[in-house]
Colleague: 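To start, I am sharing the structure in question, which I have written as C-alpha coordinates.
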Amino acid sequence: MLTMYGIKNCDTIKKARNFLDNSGKSYSFHDYKVSGVDETALRGWVEEHGWETILNRSGTTFKALDAGDKAHIDADKAVLLMMSNPSMIKRPILDLGGRTIVGFKATTYEDALVGVKA
(Lines give C-alpha, C1' and ligand atoms only; values in the text may rest on other atoms or scores of the structure.)
Protein backbone atom coordinates (compact mmCIF):
# COMPACT_ATOMS: atom_id res chain seq x y z
CA MET A 1 0.00 0.00 0.00
CA LEU A 2 1.10 3.55 -0.71
CA THR A 3 1.73 5.93 2.16
CA MET A 4 1.77 9.70 1.78
CA TYR A 5 3.58 11.75 4.41
CA GLY A 6 2.92 15.42 4.97
CA ILE A 7 0.73 18.00 6.66
CA LYS A 8 -3.00 17.90 6.05
CA ASN A 9 -3.56 21.60 5.33
CA CYS A 10 -0.63 21.98 2.89
CA ASP A 11 -1.78 23.01 -0.61
CA THR A 12 0.67 20.67 -2.32
CA ILE A 13 -0.55 17.79 -0.17
CA LYS A 14 -4.13 18.59 -1.20
CA LYS A 15 -3.14 18.45 -4.89
CA ALA A 16 -1.26 15.16 -4.45
CA ARG A 17 -4.13 13.60 -2.49
CA ASN A 18 -6.64 14.72 -5.13
CA PHE A 19 -4.44 13.15 -7.79
CA LEU A 20 -4.32 9.81 -5.96
CA ASP A 21 -8.05 9.94 -5.18
CA ASN A 22 -8.91 10.68 -8.82
CA SER A 23 -6.58 7.90 -9.94
CA GLY A 24 -8.39 5.44 -7.71
CA LYS A 25 -5.20 4.53 -5.82
CA SER A 26 -5.48 3.35 -2.22
CA TYR A 27 -3.11 5.03 0.19
CA SER A 28 -2.75 5.92 3.82
CA PHE A 29 -1.92 9.42 4.98
CA HIS A 30 0.55 10.16 7.77
CA ASP A 31 0.24 13.70 9.13
CA TYR A 32 3.46 14.93 10.76
CA LYS A 33 1.58 17.48 12.83
CA VAL A 34 -0.61 14.76 14.38
CA SER A 35 1.70 11.73 14.51
CA GLY A 36 5.22 13.16 14.30
CA VAL A 37 7.86 11.60 12.09
CA ASP A 38 9.78 8.37 12.52
CA GLU A 39 13.52 9.04 12.71
CA THR A 40 14.39 5.81 10.90
CA ALA A 41 12.09 6.71 8.00
CA LEU A 42 13.44 10.27 7.91
CA ARG A 43 17.04 9.04 7.84
CA GLY A 44 16.09 6.64 5.04
CA TRP A 45 14.66 9.50 2.97
CA VAL A 46 17.79 11.55 3.59
CA GLU A 47 19.93 8.61 2.50
CA GLU A 48 17.80 8.04 -0.61
CA HIS A 49 17.47 11.67 -1.73
CA GLY A 50 20.01 13.71 0.24
CA TRP A 51 19.22 16.08 3.09
CA GLU A 52 19.27 19.01 0.67
CA THR A 53 16.15 17.60 -1.02
CA ILE A 54 14.30 16.56 2.14
CA LEU A 55 14.90 19.73 4.18
CA ASN A 56 12.51 22.45 3.03
CA ARG A 57 14.67 25.56 3.30
CA SER A 58 12.18 27.77 1.46
CA GLY A 59 9.41 27.49 4.07
CA THR A 60 8.64 29.94 6.83
CA THR A 61 9.64 27.51 9.59
CA PHE A 62 13.21 27.23 8.29
CA LYS A 63 13.44 30.93 7.54
CA ALA A 64 12.43 31.70 11.15
CA LEU A 65 15.40 29.77 12.57
CA ASP A 66 18.27 31.74 14.02
CA ALA A 67 21.47 31.98 12.01
CA GLY A 68 23.24 29.40 14.17
CA ASP A 69 20.65 26.74 13.40
CA LYS A 70 20.89 27.50 9.68
CA ALA A 71 24.69 27.32 9.64
CA HIS A 72 26.86 24.27 8.97
CA ILE A 73 24.01 21.90 8.13
CA ASP A 74 24.90 18.31 7.38
CA ALA A 75 22.71 15.20 7.23
CA ASP A 76 22.65 14.67 11.01
CA LYS A 77 21.86 18.30 11.79
CA ALA A 78 19.17 18.35 9.09
CA VAL A 79 17.52 15.26 10.60
CA LEU A 80 17.56 16.85 14.08
CA LEU A 81 16.02 20.05 12.71
CA MET A 82 13.29 18.12 10.88
CA MET A 83 12.57 15.89 13.89
CA SER A 84 11.97 18.93 16.07
CA ASN A 85 10.14 20.87 13.32
CA PRO A 86 8.33 18.47 10.95
CA SER A 87 7.08 21.46 8.96
CA MET A 88 10.62 21.64 7.56
CA ILE A 89 10.24 18.30 5.78
CA LYS A 90 9.61 18.69 2.05
CA ARG A 91 6.16 17.45 1.18
CA PRO A 92 4.62 15.30 0.16
CA ILE A 93 6.75 12.22 0.47
CA LEU A 94 5.05 9.29 -1.23
CA ASP A 95 6.28 5.89 -0.14
CA LEU A 96 5.84 3.39 -2.97
CA GLY A 97 7.18 0.50 -0.93
CA GLY A 98 10.61 0.16 -2.51
CA ARG A 99 11.33 3.84 -3.04
CA THR A 100 9.92 7.27 -2.34
CA ILE A 101 8.97 10.34 -4.35
CA VAL A 102 9.60 13.78 -2.86
CA GLY A 103 7.31 16.63 -3.85
CA PHE A 104 4.39 16.46 -6.26
CA LYS A 105 4.30 16.58 -10.04
CA ALA A 106 1.42 14.86 -11.78
CA THR A 107 3.67 13.42 -14.50
CA THR A 108 6.06 11.95 -11.94
CA TYR A 109 3.18 10.34 -10.06
CA GLU A 110 1.66 9.01 -13.30
CA ASP A 111 4.95 7.39 -14.30
CA ALA A 112 5.61 5.97 -10.83
CA LEU A 113 2.13 4.53 -10.39
CA VAL A 114 2.02 2.57 -13.65
CA GLY A 115 1.27 -0.99 -12.62
CA VAL A 116 0.46 -0.08 -9.00
CA LYS A 117 -2.83 -1.68 -8.09
CA ALA A 118 -5.55 0.44 -6.56
Colleague: Between Leu96 and Leu113, is there a side-chain heavy-atom distance shorter than 4.5 Å?
Modeller: yes
Colleague: Quick one: pull up OG1 in Thr53 and NZ in Lys90 and give me the separation to the nearest 0.5 Å.
Modeller: 8.5 Å
Colleague: Hey, could you give me the OG1/CG distance between Thr108 and Leu94, rounded to the nearest 0.5 Å?
Modeller: 11.0 Å
Colleague: Are any of the side-chain nitrogens in Glu39 or Arg43 under 4.0 Å away from the carboxylate oxygens of its partner?
Modeller: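 A salt bridge links Glu39 with Arg43.
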Colleague: Might you point out which heavy atoms bring Trp51 and Ala78 nearest each other, and give the distance in Å?
Modeller: CB-CB, 3.8 Å
Colleague: Nearest 0.5 angstrom please: Ile101 CD1 to His49 NE2, how far?
Modeller: 8.5 Å
Colleague: Of the options Phe104, Phe29, Trp45, which is the one that meets Tyr5 in a ring-ring contact (aromatic ring centres under 6.0 Å, His included)?
Modeller: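 With Tyr5 as partner, Phe104, Phe29, Trp45 yield a single ring-ring contact (aromatic ring centres under 6.0 Å, His included), made by Trp45.
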Colleague: Heavy atoms only: give me the nearest Asp69-Leu81 pair and the separation to one decimal.
Modeller: O-CD1, 3.8 Å
Colleague: Check this for me: Lys15, atom NZ, are more than 12 non-hydrogen atoms of other residues, nucleotides or ligands nearer than 6.0 Å?
Modeller: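 For Lys15, atom NZ is not crowded (no more than 12 foreign heavy atoms under 6.0 Å).
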Colleague: Working to the nearest 0.5 angstrom, can you tell me the gap between Leu55 CG and Asn85 CG?
Modeller: 10.0 Å
Colleague: Do the non-hydrogen side-chain atoms of Met4 and Arg17 ever get within less than 4.5 Å of each other?
Modeller: yes
Colleague: Membership question, hydrophobic clusters at under 4.5 Å side-chain separation (ILVMFWY): are Leu65 and Leu80 in the same one?
Modeller: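 No.
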Colleague: Does Phe62 belong to the same Ile/Leu/Val/Met/Phe/Trp/Tyr cluster as Ile93, with side-chain heavy atoms less than 4.5 Å apart forming each link?
Modeller: yes
Colleague: Take atom CD in Glu47; do more than 12 heavy atoms of anything else shown fall under 6.0 Å from it?
Modeller: no
Colleague: Working to the nearest 0.5 angstrom, can you tell me the gap between Phe19 CZ and Asp21 CG?
Modeller: 11.0 Å
Colleague: Show the nearest heavy-atom pair for residues Pro92 and Tyr109, with the distance to one decimal.
Modeller: CG-OH, 3.4 Å
Colleague: Transitively linked via ILVMFWY side-chain contacts under 4.5 Å: Met88 with Ile13?
Modeller: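 Shared cluster, no.
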Colleague: Which heavy atom of Leu20 sits nearest to which heavy atom of Leu2, and what is that distance?
Modeller: CD2-CD1, 4.4 Å
Colleague: Return the minimal non-hydrogen interatomic distance between Met83 and Val37, and the atom names on each side.
Modeller: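 So the two residues come closest at CE-O, 3.5 Å.
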Colleague: Roughly how far, to the nearest 0.5 Å, is CD1 of Ile7 from NZ of Lys33?
Modeller: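 The CD1 atom of Ile7 is 5.0 Å from NZ of Lys33, to the nearest 0.5 Å.
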Colleague: Where is the tightest heavy-atom contact between Ser26 and Met1, given as atom of each residue plus distance?
Modeller: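 Taking every non-hydrogen atom into account, O-CG, 4.2 Å.
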Colleague: Asp95 side chain to Thr3 main-chain N or O, any donor-acceptor pair under 3.5 Å?
Modeller: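 No, Asp95 side chain to Thr3 backbone: no donor-acceptor pair under 3.5 Å.
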